[in-house]
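Report on one structure; see the data block that follows.
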Amino acid sequence: MDQTSRVLQIDLYYDLGESGGRLLIMPDVQTLVNELLFKLKKRKIEGSHATARQTAILLRLVISQQRIPYTHQAAALIDAVKAVGEQLVAANPVELAVGNIVRRVLHIIREEDLSLSTVAMVGLNVSAVSDDEGDTDQDDHPVLSAAAVAAASRNTLRPPSLQTLLEDLPDSAAVPHTSSSGDDSEGKSKSADKSSRSRRLKHDVIEAVNELIEDISTSHEQIAEQAVEHIHQNEVILTLGSSRTVLEFLCAAKEKKRSFRVFVAEGAPRYQGHLLAKELVARGLQTTLIADSAVFAMISRVNMVIVGAHAVMANGGVIAPVGLNMVALAAQRHAVPFVVLAGSHKLCPLYPHNPEVLLNELRSPSELLDFGEFSDCMDFGSGMGSPLLHVVNPTFDYVPPKLVSLFITDTGGHNPSYVYRLIADYYSTDDLVLQRKPAPVN
Amino acid sequence: MIPPPRHHSDNLALLSRPVPFSPAAAPSSYTAASDFSPTATGTVAASSYSGKLAAAAGADGEPGDDVAMSPGRVGRGRVMASSVPASGLTTVSVVTMPPGITEKVGGASVEVQNERPANSKPQKEKMTKAERRALQEAQRAAKAASKGEGSKAAAAGAGAVSSEITKPNKAVKPSQKKSDSASVAPSEKKGPGGERPPEKERKKDVPHPRMQYDDESRVEKAKRKAVVKQTEARNRVELFRHLPQYEHGSQLPDLESKFFQLDLMHPAVYKVGLQYLYGDVCGGNARCIAMLKAFQEVIKEYSTPPEKTLSRDLTTKINSYVSFFTECRPLSVSMGNAIRFLKSRIANLPLTMSELEAKTTLQLDIDQFINEKIILADKVIVSHAVTKIRDGDVLLTYGSSSAVEMILLHAYELGKQFRIVVVDSRPKLEGQLLLRRLIGKGINCTYTNINAASYIMHEVTRVFLGASAVLSNGTVYSRVGTACVAMVAHAFRVPVLVCCEAYKFHERVQLDSICSNEFGDPDVISKVPGREETIGLDSLPSSGNLQLLNLIYDATPSDYVSMIITDYGMVPPTSVPVIVREYRREHLWI
């Protein structure tokens with residue numbers, strides 16, 4: 001709440017004028033960034049949806065108040081976003097949604113810049129005919145601009161096709177080239193355009209980020225819309241733990257007059273399955289709450305497993321709430337489809353390496369053992385070098401792609417093997433590694 | 001460790017068949033039996049059993065064709081077979097094999113007279129209900145007849161009785177419906193009420209179908225007799241209509257008020273029943289031992305009522321106790337096998353034996369069963385399993401199994417260096433109890449939830465699991481969650497070792513955890529201690545939409561199990577039916 005109002009405030013400042021507002025706002029943004037960093041570090045934000053949304057809002061703010069130089073505007077924005085993004089990612093490296101959103105925003109900046117420069121270039125080309133200036137450049141510009149225009153048109157609607165696949169490569173390679181050449185020519189002749197263009201870029205980027213935020217907020221509904229295509233009458237569905245996406249998915253099917261029953265595994269140690277069961281019952285669905293250990297016993301009578309995810313990796317593997325690997329294995333054993341619902345903000349362009357350990361987080365033992373029980377045996381109580389008792393309470397499970405039957409995202413259903421392709425739509429390859437740049441600095 | 005098949009398979013099958021018991025032959029057989037039992041005590045090695053079996057088979061000396069004669073389920077029969085001249089047996093076989101015995105009710109009664117005095121284990125499944133009733137009637141009639149004659153033991157005049165029985169049988173028939181309810185519940189479980197037609201012996205191993213709770217007439221019948229008034233759970237799970245789903249915690253006041261009216265119920269039995277009901281005694285071994293101890297008390301204080309035979313009267317008493325136990329909590333396979341053992345011992349008591357003698361024999365038998373089949377068996381299992389633990393191992397166990405605990409403690413005492421991962425799950429959290437005991441001994445432990453099994457499985461080198469029963473298709477029937485752990489271990493290529501005493505093996509087969517299972521209190525699912533604020537399912541109006549399912553057991557498919565460690569050694573799950581076959585014969589030998 002607070003943040004959005006501040007965002008508005010800053011937008012206001014921004015509109016008032018760059019020279020006046022900028023200096024005033026700088027510290028404010030930093031405090032906001034720190035606030036989110038703190039929240040991420042302390043794990044105060046739960047769930048990739050909330051994290052993604054807040055990250056996007058913060059980045060919009062960062063962009064809106066970023067001072068834009070006359071040249072290399074996009075690069076400046078990218079640097080600013082990267083700097084903030086890096087801190088955010090470092091604050092909670094396990095929350096992959098942060099990195100995803102940072103990369104998405106970077107991608108947006110690149111695309112917007114590209115489309116703007118093509119527009120400028122088209123203008124240039126038109127003028128070049130009369131001015132006969134830059135004859136040498138003219139040979140390649142039309143080619144580039146055609147590709148860039150195509151990319152710009154893809155910004156709004158991007159149907160995955162062979163054409164986009166083929167065009168992607170020249171795009172990303174062309175970005176620095178076009179922008180620099182565009183800037184050069186602008187620098188020479190059209191200085192009057194500069195301020196308007198820089199504002200335009202910022203404006204477009206903010207528009208696009210707004211769209212992204214909107215997408216994140218509505219991803220539930222978009223996924224839920226597809227429910228009727230997957231759930232039929234008298235189906236028996238199993239889920240574990242709780243996910244808002246799953247809840248809305250099931251409810252959407254229920255609203256379309258499908259009647260089916262749901263087995264909810266409670267999802268220890270957080271027992272969010274209880275909350276889900278409560279919600280489902282409140283909406284009139286036949287719900288059976290079972291213990292996690294009974295999953296294998298019940299799976300033979302289940303038609304479909306529908307679960308939420310924490311993140312979807314580039315290889316189609318899923319970082320999911322703890323316990324889902326077990327469910328996926330059981331589903332595979334009984335040939336039950338294992339369907340993962342994931343909004344596009346959960347698509348992570350990284351390939352997992354040893355994700356069970358490296359992309360996991362161990363929570364407090366107090367969720368498994370009551371406080372005080374066994375405390376004398378654990379490390380803080382024993383006082384000796386090696387404690388007698390370790391309590392392992394991981395948050396996530398890694399479900400390998402071969403156990404997943406289907407991903408349902410806000411853009412439709414996809415195979416695990418297709419995830420890499422979805423990722424190419426949302427991220428630019430330059431941004432895959434966020435951390436590398438500052439590594440030598442530190 | 002399974003003894004190699006030394007004898008012809010036909011012969012093996014033949015040995016395990018029930019014997020049509022000849023009263024005339026009985027006295028001589030018992031002397032032989034008493035010779036045998038001392039040798040059986042304390043011998044656990046499979047080889048010694050097989051040796052004996054082979055000897056018995058040899059002594060029997062009859063070709064496999066003479067199926068009718070095969071000594072069998074009534075263990076003494078086999079002993080008898082080896083001690084009684086074959087010619088004597090052949091005559092009995094002629095009597096017991098009238099053609100078309102299963103088709104005709106009258107025919108069955110002919111058979112009755114041969115077995116009735118010994119009250120031997122009946123044929124359970126090969127007869128239709130009508131036939132079984134007819135048999136019961138025939139037995140009753142025979143008893144009446146023998147009383148009329150004034151002879152306590154009908155054995156003397158078996159031939160004479162037989163001629164009388166065929167007629168009363170038909171006369172009694174109309175009254176079946178009234179009287180049959182008396183024996184319904186016990187006979188459904190254990191099937192003591194009839195004999196097997198010898199020509200169908202090949203199929204006799206099929207276990208009796210269990211009571212299905214969606215069969216309303218049967219449920220009604222069982223309810224009328226029930227001591228424990230169970231109330232149906234609020235929201236039953238439709239999928240499990242065939243299993244009893246009762247409200248928990250509501251029976252005690254009712255039972256308390258009935259305590260003084262239950263003159264039939266022995267206090268020891270009553271106590272153990274309540275312990276089952278409230279889960280104070282749980283775990284296959286503990287329950288079985290508690291039950292056997294209670295029966296021991298019963299037998300100690302038992303005196304045969306006038307004009308009744310000990311074996312018959314005691315069996316009905318035991319049956320009523322067993323049905324009481326069943327009402328408190330469904331029997332485990334281990335208990336079922338123990339009951340089967342006890343009944344066969346009672347049934348085979350020689351009629352000439354004095355009451356005191358018979359009682360001491362039975363008490364000794366029970367002690368022997370406990371010592372040999374449970375305590376000694378566990379020791380053997382421990383000695384086998386310890387060889388599979390090496391230094392540096394990380395052993396994973398699930399829940400709390402007494403056998404596994406013993407193995408771990410023993411390995412620790414041997415000075416092996418290993419770490420234990422205790423995996424646990426709601427609602428019972430039995431792992432915490434195990435963890436406490438292991439920590440108390442100073443063993444290095446890791447504790448985690450079942451959901452994290454795939455996280456922890458990377459570092460695990462062995463999985464040790466306990467079992468409530470091992471079924472003859474290799475399925476391990478155990479605490480719910482065992483299958484999950486075994487599955488994850490299988491996926492991570494970690495060997496799964498199931499530790500189970502051979503007396504928990506059963507010839508039943510099961511593919512899933514739904515056809516047969518047991519329910520715990522459903523309410524514990526919704527209540528998570530210390531987390532009331534997040535859940536609050538209780539606050540929900542009890543609409544019909546929410547069902548809570550608290551399964552107790554699940555079935556682990558045999559392909560997840562690398563090895564079953566039993567008192568016969570370490571066997572693959574595919575060898576379970578072999579052990580079941582061997583063991584069933586041998587167990588009646590004790």
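Each chain gets a letter, A, B and so on, in the order the sequences are listed, and its residues count up from 1.
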Ignoring hydrogens, what is the shortest heavy-atom contact between [X] and [Y]? Give both atom names and the distance.
{"X": "Gln432(B)", "Y": "Leu368(A)", "result": "NE2-O, 3.4 Å"}
{"X": "Ile439(B)", "Y": "Leu388(A)", "result": "O-CD2, 3.8 Å"}
{"X": "Asn451(B)", "Y": "Asp397(A)", "result": "O-OD2, 3.9 Å"}

Region of [X] that comes under 4.5 Å of a non-hydrogen atom in chain A:
{"X": "His490(B)", "answer": "neither"}
{"X": "Ile450(B)", "answer": "both"}
{"X": "Ala453(B)", "answer": "neither"}
{"X": "Arg436(B)", "answer": "both"}

Between [atom1] on residue [X] and [atom2] on residue [Y], distance to nearest 0.5 Å:
{"X": "Leu389(A)", "Y": "Ile420(B)", "atom1": "CG", "atom2": "CD1", "value": "11.5 Å"}
{"X": "Phe296(A)", "Y": "Asp512(B)", "atom1": "CZ", "atom2": "CG", "value": "10.0 Å"}
{"X": "Asp292(A)", "Y": "Arg426(B)", "atom1": "CG", "atom2": "CZ", "value": "8.5 Å"}

Could you tell me if the side chain of [Y] sits less than 4.5 Å from the side chain of [X], heavy atoms only?
{"X": "His390(A)", "Y": "Asn444(B)", "value": "yes"}
{"X": "Ile525(B)", "Y": "Ile290(A)", "value": "no"}
{"X": "Ser293(A)", "Y": "Tyr398(B)", "value": "yes"}
{"X": "Lys278(A)", "Y": "Leu546(B)", "value": "no"}
{"X": "Tyr455(B)", "Y": "Leu362(A)", "value": "yes"}
{"X": "Ile514(B)", "Y": "Arg301(A)", "value": "yes"}
{"X": "Tyr271(A)", "Y": "Ser526(B)", "value": "no"}

Do any of residues 305-327 of chain A come closer than 4.5 Å to chain B, heavy atom to heavy atom, and if so which ones, in number order?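 Hits under 4.5 Å: Val322(A), Gly323(A), Asn325(A), Met326(A).
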Using a heavy-atom distance cut-off of less than 4.5 Å, which residues of residues 232-262 of chain A contact chain B?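 The stretch touches chain B at Leu240(A), Arg261(A).
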Enumerate the residue pairs fulfilling salt bridge (charged side-chain N to carboxylate O under 4.0 Å, His left out) with a member in residues 454-463 of chain B, sequence neighbours excluded, ordered by first and then second residue.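 Of all non-adjacent pairs touching residues 454-463 of chain B, those that pass salt bridge (charged side-chain N to carboxylate O under 4.0 Å, His left out) are Arg419(B)-Glu459(B).
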Going by salt bridge (charged side-chain N to carboxylate O under 4.0 Å, His left out), name the pairs with one or both residues in residues 320-339 of chain A, residues two or more places apart or in two chains.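 Those involving residues 320-339 of chain A are Arg333(A)-Asp559(B).
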Among [options], which residue has the highest count of heavy-atom pairs closer than 4.5 Å to chain A?
{"options": "Ala452(B), Cys445(B), Ser513(B), Ser425(B)", "result": "Cys445(B)"}
{"options": "Leu239(B), Thr556(B), Asn550(B), Val422(B)", "result": "Leu239(B)"}
{"options": "Asn517(B), Asp554(B), Thr446(B), Asn449(B)", "result": "Thr446(B)"}

Would you say that more than 12 heavy atoms from the other residues, nucleotides or ligands in this model lie under 6.0 Å from the CZ of Arg437(B), or not?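 Atom CZ in Arg437(B) is packed in, count exceeds 12.
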At a 4.5 Å cut-off on heavy atoms, which part of Phe263(A) comes close to chain B: side chain, backbone, both, or neither?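 Only the side chain of Phe263(A) comes within 4.5 Å of chain B.
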Given a strict heavy-atom distance threshold of 4.5 Å, which part of Glu266(A) is in contact with chain B: side chain, backbone, both, or neither?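 Contact with chain B involves the side chain of Glu266(A) alone.
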Is it true that a side-chain atom of Thr448(B) and a backbone atom of Val392(A) form a donor plus acceptor pair closer than 3.5 Å?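 Between the backbone of Val392(A) and the side chain of Thr448(B) there is a qualifying donor-acceptor contact (under 3.5 Å).
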Between Thr395(A), Asn393(A), Leu285(A), the one whose heavy-atom pairs under 4.5 Å with chain B are most numerous: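 Of the candidates given, the most pairs with chain B belong to Leu285(A).
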